[in-house]
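Inspection log for the structure reproduced underneath, given as structure tokens.
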2 protein chains.
Amino acid sequence: MADSQNNWPTGMKRTKQRESVLFILEEAEKPLSALDICSKMDKSGDTAWLSTVYRILELFIKKGIVLKTNLMNSDMSVFELNRFKHKHYAVCMNCNKILTLENCPMERFIPKLEDEDFHVMGHNLEIFGFCKDCKAH
Amino acid sequence: MADSQNNWPTGMKRTKQRESVLFILEEAEKPLSALDICSKMDKSGDTAWLSTVYRILELFIKKGIVLKTNLMNSDMSVFELNRFKHKHYAVCMNCNKILTLENCPMERFIPKLEDEDFHVMGHNLEIFGFCKDCKAH
DNA sequence: GGGTTAAATGCGAATAAGATGCATTTACAA
DNA sequence: TTGTAAATGCATCTTATTCGCATTTAACCC
């Protein structure tokens, strides 16, 4: 099961379900919803209850292994492996395709705030528009 | 009732509830949730059902009068008057205070995407961190 | 390897934001 | 003033996510 086979993060029990979630996230190129993950598990034979998947994801987030995002004000969160590199997405307003943004405008940006003592920890950014397939209606 | 008294957007019936929602949004300095708006209406005597508030907000959004945002991956949307100027926020990770960001890094930014035909329509950005009151725990 | 136990999962039920359906009410045009 | 399409009150539904508890399981000890 890829990398996770030999490399298990410390401080958590190694269960079939956790291995399966981690494997799916390792293979995924784009963020997945909890339901996506659950379906993929079903297909591969490692079935797990949706609530279990949420609990596993919650744990992975706490451990810093996984990142949670909400794209386009959607009410469904998506999850991806924390690959420890800065990342943003562009989302197609028509087909919801997710594209990786390869640069970041925040690199050399100094935020101007009313509260000049605000201690910036990070930022969320997403671009929206129409992908090449949806541009021509 | 401030500006909205004499200046009613065209193409929609002028009802007590709609006037009240618009008034509240005009007075508000920061985005409000549907529930916030509903509570403020209760206090002022113009009670309305929460589902009505949602319907009014939906209409205002469609008319371009109101903007909807989700801050910090929260499952609750917030709404503000569309003042037709570009706007982003900084949110305190501790007290959830919302601060207005007065500049925008996207002004002179050219996004790099795998799909070089992506037609950018806009972007969402938020900064998170700790405000001056929460910085010193 | 077998037993012990704290932690994880299965499963159902609870939450909470938001949407929907329908009967009643209301704004507004004729 | 009256007719009517549209808006609201109200209840109920939906959907993502969380919680509670009984059962199962990983991992440590012998």
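Per chain, numbering begins at 1; letters A, B, ... match sequence-line order. Excluded from the calculations below are hydrogen atoms, water molecules and symmetry mates; all remaining heavy atoms, backbone and side chain alike, are included.
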Report the C-alpha separation of T47(B) and D42(B) in whole Å, then their side-chain angles, then the decisive distance to 0.1 Å, and conclude whether the side chain to side chain donor-acceptor pair (under 3.5 Å) test is met. CA-CA 5 Å; T47(B) 47; D42(B) 273 349; 4.8 Å; no
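- dT8(D) atom P lies 11 Å from atom CG of L57(B), rounded to whole Å.
- Two different hydrophobic clusters hold L101(A) and L81(A) under the rule that ILVMFWY side chains link at heavy-atom gaps under 4.5 Å.
- Looking at R14(B) and E19(B), a side-chain N of the basic residue comes within less than 4.0 Å of a carboxylate O on the acidic one, giving a salt bridge.
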With sugar-phosphate taken as primed atoms, P, OP1 and OP2 and all else as base, the protein-contact string of nucleotides 11-21 of chain C at under 4.0 Å (heavy atoms; B, S, -) is BB----SB-BB
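- Hydrophobic clustering of Ile, Leu, Val, Met, Phe, Trp and Tyr side chains at less than 4.5 Å, counting indirect connections, keeps Y54(A) apart from W49(A).
- Residue contacts for S74(B): at a heavy-atom cut-off of 4.0 Å it reaches no nucleic acid atom on any strand shown.
- Distances shown here put a side-chain N or O of Q17(B) below 4.0 Å from the OP1 or OP2 atom of dG9(D).
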Apply side chain to side chain contact (heavy atoms under 4.5 Å, CB included) to residues F79(A) and V21(A) and explain how you reach the verdict. CA-CA 11 Å; F79(A) 305 86; V21(A) 170; over 6 Å; no
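- Rounded to an integer number of Å, the gap from I56(A) CD1 to dT18(D) P is 14 Å.
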Classify every nucleotide of nucleotides 25-30 of chain D by which part a protein heavy atom approaches to under 4.0 Å, writing B for the base, S for the sugar-phosphate alone and - for neither, in 5'-to-3' order. BBS---
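- For the residue pair S33(B)/D36(B), the side-chain donor-acceptor check at 3.5 Å is satisfied.
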Candidate pair H86(A) and H123(A), rule side chain to side chain donor-acceptor pair (under 3.5 Å), full reasoning: CA-CA 10 Å; H86(A) 200 78; H123(A) 60 269; 2.9 Å; yes
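- Between D117(A) and K132(B), the closest heavy-atom pair is CB-CB, 3.3 Å.
- Taking atom NZ of K62(A) as the reference point, atom C1' of dA7(C) lies 12 Å away to the nearest angstrom.
- For L59(B) and dT8(D), the CG to P distance is 9 Å, given to the nearest whole Å.
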